[in-house]
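Below: the structure, in structure tokens.
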There are 2 protein chains.
Amino acid sequence: MQSYTEENYLKIIYHLSAVNNPVQTNAIAERMQTKAASVTDMLKKLSEKELVDYVKYQGVTLTEKGKLTAINIVRKHRLWEVFLVEKLNFKWDEVHEVAEELEHIKSTLLVERLDEFLDFPKVDPHGDPIPDQHGNFADLSFIKLSKLKVNEKGTITGVSEHSSPFLKHLEKLGLTLGKKIEVSEIIDFDGSVELLIDSEKLNISREVAKHILISK
Amino acid sequence: MQSYTEENYLKIIYHLSAVNNPVQTNAIAERMQTKAASVTDMLKKLSEKELVDYVKYQGVTLTEKGKLTAINIVRKHRLWEVFLVEKLNFKWDEVHEVAEELEHIKSTLLVERLDEFLDFPKVDPHGDPIPDQHGNFADLSFIKLSKLKVNEKGTITGVSEHSSPFLKHLEKLGLTLGKKIEVSEIIDFDGSVELLIDSEKLNISREVAKHILISK
DNA sequence: TAAAAAATTTAGATTTGTCTAAATATTAAA
DNA sequence: TTTAATATTTAGACAAATCTAAATTTTTTA
Ligand SMILES: [Mn+2]
Ligand SMILES: [Mn+2]
Ligand SMILES: [Mn+2]
Ligand SMILES: [Mn+2]
């Protein structure tokens with residue numbers, strides 16, 4: 001059994017390793033809002049428990065056991081986010097903090113019943129895929145909206161930035177999951193993107209476009 | 001803000017003080033499954049935070065602030081139990097352990113939305129009253145089934161023992177909340193009670209009868 | 001009311017997770 | 001390829017919550 005803290009380390013290592021493997025001490029420290037020295041201590045402990053492979057100065061990789069543990073936490077996090085939005089009418093920018101706490105509740109029965117109650121959702125309110133109880137993800141293919149060319153069409157199916165200000169901004173612009181969009185123009189001057197949504201024109205910054213995920 | 005551990009102490013002091021006020025160190029130690037010395041340490045800390053009034057060797061009492069904190073945890077515990085039974089099809093003997101974890105989740109919005117989602121329940125799956133957000137309980141009056149005389153009738157509205165074996169036993173006997181019963185005989189020999197439920201006779205031990213709560 | 005028993009507190013350690021400052025290793029630059 | 005910069009680890013401390021063993025206080029019993 002892992003502590004709350006150990007679970008958070010595993011989850012963060014899991015997310016970071018998607019970008020860069022093995023994962024570096026400083027990267028973990030930044031995400032955990034702690035100091036590198038504390039991370040080193042924890043890596044030794046997780047290594048002792050065979051949840052990570054850790055080589056001094058070289059970085060850390062999850063073992064199979066560590067990976068499954070991490071994925072299970074991600075599963076719980078995302079299921080709770082769906083619950084909060086679908087059943088308790090939370091906004092998509094309000095769920096993350098609470099899910100950070102709920103993801104540590106231990107009962108397996110609870111998770112499986114929650115999954116069933118929510119009708120086995122495949123994605124969370126931000127379009128992130130929800131792994132099944134064996135840790136398998138349905139593979140969804142996304143493209144960044146910023147990669148689309150003029151006249152290309154697609155549907156908003158995710159976001160790669162989860163901060164409340166960003167999500168609220170999208171909401172205000174009407175850029176929510178499921179919306180169909182078409183790129184009508186890409187402005188030379190600043191790279192901003194002009195979209196057609198419901199036959200209305202809308203200009204968004206390149207920065208925003210980079211964090212909107214599209215499927216065709 | 002209190003730690004998970006502090007919250008558990010406050011909740012236990014709250015429950016114990018209903019039986020015996022001020023609450024004694026050893027009583028707390030037993031309920032917390034810890035040692036008296038650890039309790040003394042924590043009482044000093046809670047006293048420091050003005051959550052309890054503590055006099056060395058004399059025992060401890062909750063302050064108004066401590067009491068409200070404790071009641072809020074009880075509120076969350078019971079709401080989550082309702083959720084587990086009503087929405088996730090848990091049995092009444094399966095909910096307590098999970099609720100022990102869920103009761104510490106911090107979001108106020110979550111609690112109020114959950115309350116609404118559950119349609120503002122007044123009692124939990126064991127018949128225990130759920131306080132409102134201000135800490136007020138609807139006052140329900142119970143009598144122990146063991147206090148009823150022959151020919152008296154009533155409805156099962158609660159239990160005063162929450163262990164899984166006891167609850168499963170009641171379930172098997174059909175003695176669930178809402179059932180109407182009548183005492184048809186009290187056996188001299190062992191004090192056991194003969195009931196009429198749905199015109200069927202059922203004999204239960206005095207020990208069981210003591211933990212079933214009746215309203216008329 | 002003095003001794004014995006029970007309850008409680010203090011003293012001193014331990015574990016977990018954290019920190020700062022100093023030492024060491026790795027990587028990048030000159 | 002030596003030096004400088006960056007990344008990481010070690011050493012030593014600390015706060016929270018716990019424990020055991022010993023000391024103290026309160027309560028009960030004789
Ligand atoms: Mn999230
Ligand atoms: Mn999410
Ligand atoms: Mn309970
Ligand atoms: Mn209950």
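Please read these numbers as outputs of a predicted model, since none were measured by experiment. Just so we're on the same page: letters track the sequence lines, and every chain starts at 1.
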| query | Looking only at side-chain N and O atoms, does B:Asn26 come under 4.0 Å of OP1 or OP2 in C:dT8? | reply | yes

* **Under 4.0 angstrom between B:Gln24 side-chain N/O and C:dA7 OP1 or OP2** => no

Which whole-number value in Å describes the distance from [X] [atom1] to [N] [atom2]?
X: B:Asp41; N: D:dC19; atom1: CG; atom2: P; result: 10 Å
X: B:Glu6; N: D:dT18; atom1: CD; atom2: P; result: 10 Å
X: B:Met32; N: D:dC19; atom1: CE; atom2: P; result: 9 Å
X: A:Lys44; N: C:dT18; atom1: NZ; atom2: P; result: 15 Å
X: A:Leu46; N: C:dT16; atom1: CG; atom2: P; result: 13 Å
X: B:Lys35; N: C:dA13; atom1: NZ; atom2: P; result: 19 Å
X: A:Met42; N: C:dT15; atom1: CE; atom2: P; result: 16 Å

Exercise for the section: Classify the angle between the aromatic ring planes of B:Trp92 and B:His126 as parallel (below 30°), tilted (30 to 60°) or perpendicular (above 60°). Expected result: parallel

Residues in residues 53-60 of chain B with a heavy atom under 4.0 Å of DNA chain C, by number, are B:Tyr54, B:Lys56, B:Tyr57

Open item on the list: For a quick check of understanding: with a heavy-atom distance under 4.0 Å over all strands, which category does A:Ser38 fall into, base, sugar-phosphate or nothing?
Closed with: base

At 4.0 Å (heavy atoms only), tell me whether A:Tyr4 reaches a base, stays on the sugar-phosphate, or touches nothing. nothing

* Asked: Do A:Asp132 and A:Arg75 pass the salt bridge (Lys or Arg N to Asp or Glu O under 4.0 Å) test, and can you show the C-alpha distance, the side-chain angles, and the key distance before you say yes or no?
  -> CA-CA 7 Å; A:Asp132 67 20; A:Arg75 170 169 163 77; over 6 Å; no

Taking for B:Thr40 and for A:Ser3 the nucleotide of DNA chain C with the nearest heavy atom, the one nearer the 5' end belongs to B:Thr40

